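Computed from a prediction, not measured in an experiment: that's the story for all the values here.
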Amino acid sequence: MGLVKPGAAQQNVHPQSGIYEWPKEAAVKEKLDKWQDQKFGIIIHWGLYSVPGIMESWNLCSEDWIDRDSNTVYEDYKKWYWGQNAQFNPVKFNPEEWARVAKEAGMRYLVFTTKHHDGFNMFDTRQTDFKISAGPFKNNPKADVAKHVFDAFRKQQFMIGAYYSKPDWHSEYYWWPKYATADRNNNYDIRKFPWRWNQYKTFTYNQISELMNGYGSIDILWLDGGWVRPLETVNDEVRSWGARIPEWSQDIDMPRIAAMARQAQPGLLMVDRTVHGPYENYQTPEQRIPATQLPHPWESCMTLANNWGYVPGDKYKSPAKVVHTLIEVTAKGGSLLLGVGPKSDGMLTDEAVSCLQQIGKWTGKNGAAIYGTRITPNYQDGNTWFTQNPKSGTRYALVCLPENAAIPKELSWQNNLPAKGTKMTLLQTGETVKWKQEGGTVIVTLPASVRDSKESLPAVAFAYKPAE
């Protein structure tokens, strides 16, 4: 991520862990199964970075891929960035509208940034005054932003996730002002100053405790900043990020945090990104889809535009591209977490709302092929993807259609054959469609009502009983 220009591609993403460990606790497994039914979520990055409209947090980081104005002294830049808290007054903040738009898009779970790496808190923490509820917005009835976001989405039956950054570049216990800040890591040797790191561990524990005990029911604790980890978990995957690995362990005692969090929130899903083990209950490949189907829980987190947060003039993905991504992710056994960044006044951009509304037109009619489904062994034939409902035994064929092209009269696929004489339904309209089998190929005739429709159609989905 650097100072991303409109239309530029995001950089510096988290990879996917190479190892997965299934949780052992019954309540966690039950919550994980429920989460796997949801399939489509929204992650909202909102913080100081929305005021100047720049990439979230990373401009503070002194790494050579960051593109800042070379005429600005680094220390002055940090003061300017953190000083945006004096300007952050989101008087149009309307979480109920966010939740309504996300619900209409077909999203079913939320991850909200309570604090990103820059250390600015979007909840009313007692550990620091560097928070939305201590600036110009402090007298607003919705000053405790995270509380109102969680409440609004809960009312729309969303599963609730709290994003929390393990590194905190504003904390003097992570970036000690005594030393320069060379990169994303803490800037002092923890082995020489264990008392200072213990202060940071206490600070982190207390903040997560506040979130777990004071913000209602939480389903997911989504922990970002995978370089903050025990040294023994650093492997070749971590080294491949290109970031410096310090000689000391940035261990924040995840077992203690997890025990506290799950006592407050039984069955809580812990998502300690890229730190494989008992606290990474599902994997989170970023800005990409795994090449093949995976047999364990995972989620592709991707931006709706090019940036996680709001950047003026950003380029948005087409609704068809998002629908195609959702279909592929689902057929490969994952979930799609789509990133949206509100403006500094609290409003979603018109482009984001329009795109989500168009996505919702498709999910509203074809959701049976997405929600509550699981993988099938033969999951792809070209642009056709397959899912199944494990309870009803229904098989779904989802055909991604080319953008801005005429809808064909017939569609075909191989494998995943329907049972002889079974009725095949087009989810878009509920109509029974004509189909035939020639050898190992299924050929389906699309109704004229669909072919002649003037409405853009990113994909069609068919339901049937499989032959096997």
Side-chain angles (χ1 to χ4, degrees), residues 10 12-25 28-43 45 107-111 113 159-167 218-230 232-243 252 254-255 257-258 261-262 267-303 308 325-339 370 373-375 379-380 385 387:
Q10 185 207 14
N12 195 52
V13 297
H14 272 62
Q16 177 187 335
S17 301
I19 304 170
Y20 180 75
E21 180 179 320
W22 285 91
K24 296 179 175 60
E25 302 90 335
V28 177
K29 289 192 284 188
E30 182 179 350
K31 179 87 73 173
L32 188 58
D33 191 55
K34 178 183 177 182
W35 172 79
Q36 286 188 282
D37 284 341
Q38 311 311 309
K39 300 301 183 189
F40 192 21
I42 183 171
I43 180 169
H45 277 72
M107 294 160 157
R108 295 193 170 188
Y109 70 102
L110 162 79
V111 176
T113 47
M159 291 185 76
I160 302 299
Y163 170 114
Y164 181 86
S165 170
K166 293 184 293 181
I218 304 292
D219 300 293
I220 305 162
L221 178 57
W222 209 89
L223 298 168
D224 203 7
W227 60 93
V228 176
R229 61 168 68 208
E232 60 267 23
T233 67
V234 174
N235 52 25
D236 290 340
E237 294 169 31
V238 179
R239 293 186 178 92
S240 73
W241 296 1
I252 56 173
M254 197 57 67
I257 289 172
R262 285 182 171 151
L268 178 76
L269 299 182
M270 298 281 296
V271 185
D272 191 7
R273 301 186 66 201
T274 73
V275 186
H276 60 268
Y279 310 116
E280 189 186 29
N281 296 148
Y282 62 79
Q283 295 180 332
T284 57
E286 184 174 338
Q287 296 288 44
R288 69 177 188 88
I289 305 173
T292 60
Q293 196 178 68
L294 298 177
H296 53 255
W298 60 275
E299 159 197 274
S300 279
C301 47
M302 295 184 170
T303 50
W308 292 107
T325 300
L326 176 62
I327 289 171
E328 180 179 351
V329 165
T330 303
K332 288 182 175 178
S335 298
L336 175 61
L337 185 63
L338 194 63
I370 300 293
T373 62
R374 293 296 186 272
I375 58 175
Y379 62 94
Q380 181 188 10
W385 302 85
T387 64

For [Y], does its backbone N or O pair with a side-chain atom of [X] as donor and acceptor, under 3.5 Å?
X    : Y    : result
N281 : M270 : yes
K332 : P290 : yes
Q293 : G333 : no

Please give me the minimum heavy-atom distance between [X] and [Y], naming the atom from each residue.
X    : Y    : value
S300 : W298 : OG-CZ3, 3.3 Å
D219 : K31  : OD1-NZ, 2.7 Å
A291 : Y379 : O-OH, 4.3 Å
T325 : L336 : CG2-CD1, 4.1 Å
I252 : I257 : O-CD1, 3.7 Å

To the nearest 0.5 Å, how far apart are [atom1] in [X] and [atom2] in [Y]?
X    : Y    : atom1 : atom2 : answer
T330 : I370 : OG1   : CD1   : 4.0 Å
L337 : L110 : CG    : CG    : 8.5 Å
L32  : D37  : CG    : CG    : 10.0 Å
E286 : E299 : CD    : CD    : 10.5 Å
T284 : D224 : OG1   : CG    : 8.0 Å
I19  : N235 : CD1   : CG    : 7.0 Å

Between [Y] and [X], is there a side-chain heavy-atom distance shorter than 4.5 Å?
X    : Y    : result
L269 : V28  : yes
Q36  : R374 : yes
W222 : R273 : yes
V275 : E280 : no
W227 : V238 : no

- request: Using a strict 4.0 Å threshold on nitrogen-to-oxygen distance, state whether D272 and K166 make a salt bridge.
  value: yes
field: Contacts of E30 that satisfy salt bridge (Lys or Arg N to Asp or Glu O under 4.0 Å) - sequence neighbours left out
entry: none
field: H45 and T303: CA distance, side-chain angles, deciding distance, side chain to side chain contact (heavy atoms under 4.5 Å, CB included) verdict
entry: CA-CA 10 Å; H45 277 72; T303 50; over 6 Å; no
message: Please enumerate all residues that pass side-chain contact (heavy atoms from CB on, under 4.5 Å) together with Q38, with sequence neighbours excluded.
response: K34, R108, Y109, M159
task: Write out all pairs satisfying ring-ring contact (aromatic ring centres under 6.0 Å, His included) with one or both partners inside residues 275-296, taking only residues at least two apart or from two chains.
output: Y20-H296, W35-Y282
